[in-house]
Amino acid sequence: MGVLNLTTDSFYAESRVADVEEAVVKARRMVAEGADVVDLGAESSRPGAAPVDEAEELARLVPLVERLRREVDVPLSIDTVKPEVADECLGRGAQILNDIRGFRDAEMVRVAARHRATVVTMHMQGTPPTMQHDPRYEDVVAEVKQYLADRVDALREAGVRDIMIDPGIGFGKTLAHNLALLRHLGEFQTLGCPILVGVSRKSFLGTLTGGLPVEERLEASLAAMAASVMNGARVVRVHDVKESKRAVAIVDAIRRAGA
Ligand code: HH2
């Protein structure tokens, strides 16, 4: 899953596009490099990011969905927490709804069901403005797993069939929480849904590499992604499609190798 952000403040500047034309060029490149899905976001979720109102989010996303539907032949995913935005984009041909709030809003669940969308339900403790202030868990793996199990139940009950689960790396988690979730990712397989993981260039990788800035975190991202895939991730949300695709090919071959 390649990431495309129609924002001015997403944490990785290279992921940002200024307008539809730039987005189309970038999406086509991602697909040529092997992306199976393009994820479109118009509101950054970085801690402290400025909120984007619904009209602005729609103005950014709708024309892009309409263009990309014709320009690329991979499914488009919409990264939004707003039901109205989700509804409009799915109505115009996007097929995947990626909700970092994990479908806690019943209207988001209804929108996904009505459009027969594939969904990504992610765990987040708190909300982006404050989520990194002092995240706490008794047992992060058990709590995130229980949260996702509840979300999957609610989605299934509403008739949503295709559900991916995401532990939400960096969303209300310390370094130790992120590492525990990645180390024990395999435990999420019992929920019976494909696991999606987004580690690409995130700040915990900066911490682990002695403070490397976001532009310098490619190798760290590939290493974390490789561990994720080895531990059960089936979809990786990445900024660097070509490099990720090559790295995953190797991990996948090892993972599938006979005894
Ligand atoms: N991470 C980000 C945004 N959306 N969605 C899912 N399902 N999983 C993630 O890990 C995830 C996500 C943050 O990355 P990015 O979109 O590049 O940054 P920003 O929120 O600053 O636009």
Side-chain angles (χ1 to χ4, degrees), residues 1-18 23 26-27 30 35-52 56-57 60-61 64 75-82 85-86 94 96-104 108 112 117-129 131-132 144 147-148 151-152 155 162-173 177-178 181-182 185 188 193-206 213-215 217-218 221 224-225 228-229 233-241 244:
M1 175 183 273
V3 180
L4 209 57
N5 287 317
L6 282 130
T7 56
T8 52
D9 57 354
S10 285
F11 80 95
Y12 179 41
E14 284 290 306
S15 74
R16 303 178 206 150
V17 285
K26 206 154 178 192
M30 282 182 179
D36 299 305
V37 178
V38 178
D39 188 43
L40 309 174
E43 180 178 39
S44 172
S45 55
R46 77 193 290 178
V52 176
E56 176 62 22
E57 210 179 324
R60 293 181 191 176
L61 285 173
L64 181 58
L76 302 177
S77 165
I78 304 300
D79 185 346
T80 188
V81 297
K82 298 190 187 74
V85 173
I96 302 175
L97 181 51
N98 174 20
D99 181 8
I100 61 166
R101 297 187 57 197
F103 293 88
R104 279 176 279 178
M108 281 294 265
T118 294
V119 302
V120 181
T121 184
M122 194 194 81
H123 175 273
M124 167 164 61
Q125 185 182 87
T127 55
M131 65 189 178
Q132 290 305 108
V144 171
Y147 174 94
L148 291 175
R151 303 325 307 145
V152 168
L155 284 158
D162 296 315
I163 305 170
M164 294 182 252
I165 52 173
D166 180 347
I169 298 301
F171 287 88
K173 279 123 191 154
H177 297 143
N178 289 324
L181 287 165
L182 293 173
L185 204 58
F188 291 81
C193 298
I195 300 168
L196 181 149
V197 168
V199 291
S200 194
R201 296 183 183 264
K202 285 189 175 169
S203 76
F204 79 106
L205 300 173
V214 63
E215 299 75 23
R217 295 180 193 153
L218 174 61
S221 300
M225 188 192 59
S228 306
V229 171
R234 288 297 162 268
V235 182
V236 282
R237 184 180 180 279
V238 304
H239 300 107
D240 307 279
V241 172
S244 302

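Remember, it's a predicted structure, so these values are computed and weren't measured experimentally. Note that the numbering runs from 1 along the sequence shown for the chain. All ligand and atom numbering here is 1-based and tracks the order in the structure.
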### Task
Kindly indicate, with the supporting measurements, whether the criterion side chain to side chain contact (heavy atoms under 4.5 Å, CB included) is fulfilled by Arg101 and Met124.
CA-CA 6 Å; Arg101 297 187 57 197; Met124 167 164 61; 3.6 Å; yes
### Query
At what distance is the nearest protein heavy atom to atom 4 (N) of ligand 1, and which residue and atom is it?
Asp79 OD2, 2.9 Å
### Query
Does Glu43 reach ligand 1 with a nitrogen or oxygen that is under 3.5 Å from one of the ligand's nitrogen or oxygen atoms?
no
### Query
Purely on distance, is any nitrogen or oxygen of Thr7 under 3.5 Å from one on ligand 1?
no
#### Entry: Sub-4.0 Å atoms of ligand 1 with respect to non-hydrogen atoms of Asn5
15 (P), 16 (O), 17 (O), 22 (O)
### Query
At their closest point, which heavy atom of Arg16 faces which heavy atom of Thr8, and how far apart are they?
NH1-O, 3.3 Å
### Query
So which bit of Ile100 gets within less than 4.0 Å of ligand 1, heavy atoms only: side chain, backbone, both or neither?
side chain
### Task
For atom 9 (C) of ligand 1, find the nearest protein heavy atom and state the residue, atom name and distance (0.1 Å precision).
Lys202 NZ, 3.5 Å
### Task
Number the atoms of ligand 1 from 1 as they appear, then name those within less than 4.0 Å of a heavy atom of Val120, with their elements.
7 (N)
### Message
List ligand 1 atoms under 4.0 Å from Arg46, heavy atoms only on the residue side.
### Response
20 (O), 21 (O)
### Query
Of all the non-hydrogen atoms in the protein, which one sits nearest to atom 8 (N) of ligand 1, and at what distance?
Asp166 OD2, 2.6 Å
### Task
If you have a sec, work out which protein heavy atom is nearest atom 19 (P) of ligand 1 and how many Å separate them, to one decimal?
Ser44 OG, 3.5 Å
#### Entry: Heavy-atom proximity to atom 3 (C) of ligand 1, best of Arg16, Arg237, His239
Arg237
#### Entry: Reference residue Phe171; test side chain to side chain contact (heavy atoms under 4.5 Å, CB included); the match among His177, Gln132, Lys202
Lys202
### Message
Heavy-atom pairs closer than 4.0 Å: do any link ligand 1 to the side chain of Phe171, the backbone, both, or neither?
### Response
side chain
### Task
Indicate whether any N or O donor in one side chain lies under 3.5 Å from an N or O acceptor in the other, for Ser77 and Asn98.
no
### Message
Pair Asp166, Arg237 - check salt bridge (Lys or Arg N to Asp or Glu O under 4.0 Å), show working.
### Response
CA-CA 10 Å; Asp166 180 347; Arg237 184 180 180 279; over 6 Å; no
## Note on the structure
Within 4.0 Å of some non-hydrogen atom of Gly198, the atoms of ligand 1 are 10 (O)
### Nearest heavy atoms of Met164 and Leu196, plus distance in Å
SD-CD1, 4.1 Å
### Task
Would you check if Pro167 and Leu185 make a side-chain contact, meaning some heavy-atom pair closer than 4.5 Å?
yes
### Task
Would you mind running through ligand 1 and noting each atom that sits below 4.0 Å from a heavy atom of Asn98?
5 (N), 6 (C), 7 (N)
### Task
Measure across Ala49 and Asp9 and return the closest heavy-atom pair with its distance rounded to 0.1 Å.
CB-OD2, 4.0 Å
### Message
Would Tyr12 count as a contact residue for ligand 1, given that I'm defining contact as a non-hydrogen atom of the residue lying under 4.0 Å from a ligand atom?
### Response
no
### Message
If we check side chain to side chain contact (heavy atoms under 4.5 Å, CB included) with Leu97, which of these qualifies: Val85, Val120, Thr121, Thr80?
### Response
Thr80
### Message
Measuring from atom CG of Leu4 to atom NE2 of His239, what distance do you get when rounded to the nearest 0.5 angstrom?
### Response
10.0 Å
#### Entry: Numbering as shown, the atoms of ligand 1 that approach Ser10 to under 4.0 Å (heavy-atom distance)
19 (P), 21 (O), 22 (O)
### Task
Please indicate whether any nitrogen or oxygen in Phe11 is less than 3.5 Å from any nitrogen or oxygen in ligand 1.
yes
### Query
Looking at Met30 and Val241, what are the two nearest heavy atoms and their distance?
O-CG1, 3.5 Å
